There are 2 protein chains.
Amino acid sequence: MKKITIGEAARRSGVKVPTVRYYESIGLLPAPSRSEGNQRAFEPADISRLAFIRHARELGFEIEAIRTLLTLQDDPHQPCASADAIAKARLVEVEQRIRSLMALKAELETMVEGCGHGRVGQCRVIEVLADHGQCTHSHH
Amino acid sequence: MKKITIGEAARRSGVKVPTVRYYESIGLLPAPSRSEGNQRAFEPADISRLAFIRHARELGFEIEAIRTLLTLQDDPHQPCASADAIAKARLVEVEQRIRSLMALKAELETMVEGCGHGRVGQCRVIEVLADHGQCTHSHH
DNA sequence: TCTTGTACCTCGAGTCGCTAGAGGATGTAG
DNA sequence: CTACATCCTCTAGCGACTCGAGGTACAAGA
Ligand SMILES: [Zn+2]
Ligand SMILES: [Zn+2]
Ligand SMILES: [Zn+2]
Ligand SMILES: [Zn+2]
């Protein structure tokens, strides 16, 4: 079996080189063996783990959640309730965030569309920012 | 004219006390005069400025964007094109973020719904996280 | 074999927008 | 006068990286 350098691990997993080292430093990725010259030598399992982490990060899971998910993955006999709970919590988060962003979008549209592109003194953008009472939604 | 303490400024503007000091420290809020005992004494204009900052933050504008917006606000004779550009850029950002979160939501729903709540070995959540190829959207 | 160039190493600091805590001074009400 | 809330400065910490300095290792070409 040939050794996988950090650069190749990065290329294969889509995680950047410094980030790979960072994940190792926080214990998310086990410290790999080293070459004679002290360079990291990864194995295929590490690449899978990195890809898992990257995918979970892309889906917005926090590092601590990923740590839990990885621990679960390491022991396939456990019930998956905690994994499902983490995913469900993330889903709720995402739904809330979408709702909040939709409200924001509406306010921003009003601001942008309402402006006649004249002087700052009459700018609707500045005006609305200065006075939340002009917003259609009271909570952002 | 009575002096406004930092606590009252915080209460009136909705910005927390340490955050008010932080805004002063980064030059977003002018340093107010001080009492004999070295305590900050704000004026009504500072409260408006704080409220403006808070509102802009709630709408997701970055500090540097707010700095620009405040500079514009300070001189009402300038054309408002830059203010509008900032708001429009923020709108585009928000729209992109919403689209991205909608895709995420779909993936998370598939994961959560597909799981039979058995063992980790068969958990759909873990399975999808380990293999992005199982996602319906190729880009997150 | 030597040289060149790329990739690797560690360590510390910086990013953003706050937030928390230590340790002390000031202001106000009873 | 004594509590007690509020204020002050300063430093450090959060999450999740990202960057730079200063140095080492390794593979390919002359
Ligand atoms: Zn305008
Ligand atoms: Zn508003
Ligand atoms: Zn499951
Ligand atoms: Zn995916």
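Here the structure is a predicted model, which is why all the values come from computation and not from measurement. Here is how names work: the chains are called A, B, and so on, in the same order as the sequence lines, proteins then strands, and each is numbered from 1. Below, all heavy atoms of this structure are taken into account, side chains as well, without hydrogens, waters or symmetry copies.
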Candidate nucleotides dT19(C), dG27(C), dC8(C), ranked by approach to the side chain of Tyr22(B) - the nearest: dT19(C)

Please report the distance, rounded to the nearest Å, between CZ in Arg54(A) and P in dC17(D). 12 Å

Glu36(B) CD to dT28(C) P, in whole Å, measures 12 Å

Check every atom of dT18(D), dC9(C), dG27(C) against the side chain of Asn38(A) and return the nucleotide holding the closest atom. dC9(C)

Students often get this wrong, so: under 4.0 angstrom with heavy atoms, is Arg11(A) touching a base, only sugar-phosphate, or nothing? nothing

Mapping Lys16(A) and Ala41(B) onto DNA chain D by nearest heavy atom, which one lands closer to the 5' end? Ala41(B)

With heavy atoms under 4.0 Å as the rule, sort Arg57(A) into base, sugar-phosphate or nothing. sugar-phosphate

Using a cut-off of 6.0 Å, state whether more than 12 heavy atoms not belonging to Glu24(A) lie near its atom CD. yes

Would you say a side-chain N or O of Thr5(A) is under 4.0 Å from OP1 or OP2 of dC8(C)? yes

Nearest to the side chain of Gln39(A), heavy atoms from C-beta on, is which of dC18(C), dA25(D), dT18(D)? dA25(D)

Taken to the nearest whole Å, CD/Glu64(B) to C1'/dT15(C) is 12 Å

OP1 or OP2 of dC18(C) sitting under 4.0 Å from any side-chain N/O of Tyr23(B)? yes

Determine: side-chain N/O of Thr19(B) to OP1/OP2 of dT19(C), distance under 4.0 Å, yes or no. yes

Among dG17(C), dT19(C), dT10(C), which nucleotide has an atom closest to any side-chain atom of Ile63(B)? dG17(C)

For Phe42(A) and dA7(C), give me the distance from atom CZ to atom P, rounded to whole Å. 16 Å

Under 4.0 Å between any heavy atoms, over every strand shown, what does Arg40(B) touch: base, sugar-phosphate, or nothing? Just pick one. sugar-phosphate

Nearest to the side chain of Arg34(B), which nucleotide is it out of dT9(D), dC8(C), dT19(C)? dT9(D)

What integer distance in Å separates Leu59(B):CG from dG17(C):P? 15 Å

Output yes when at least one side-chain N/O atom of Ser35(A) is less than 4.0 Å from OP1 or OP2 of dC26(D), else no. yes

Is there a donor-acceptor contact under 3.5 Å from the side chain of His55(B) to the main chain of Leu129(A)? yes

Main-chain N/O of Val15(A) paired with Thr19(A) side-chain donor or acceptor, under 3.5 Å: no

Is it the case that the side chain of Glu107(A) and the backbone of Thr136(A) share a donor-acceptor pair, with hydrogens and angles ignored and the cut-off at 3.5 Å? yes

Quick one: Ile6(A) CD1 to dA25(D) P, roughly how many Å, whole number? 16 Å

Calculate the interatomic distance between Glu24(A) atom CD and dA16(D) atom P; express it in whole Å. 19 Å

When rounded to whole Å, the CD to P distance for the pair Glu8(A) and dA7(C) reads 12 Å

Run the numbers on Arg49(B) and Gln73(B) for side-chain hydrogen bond (donor to acceptor under 3.5 Å, both in side chains), then give the verdict. CA-CA 10 Å; Arg49(B) 203 173 175 93; Gln73(B) 196 196 27; 5.1 Å; no

N or O in side chain of Arg21(B) less than 4.0 angstrom from dT9(D) OP1/OP2: no

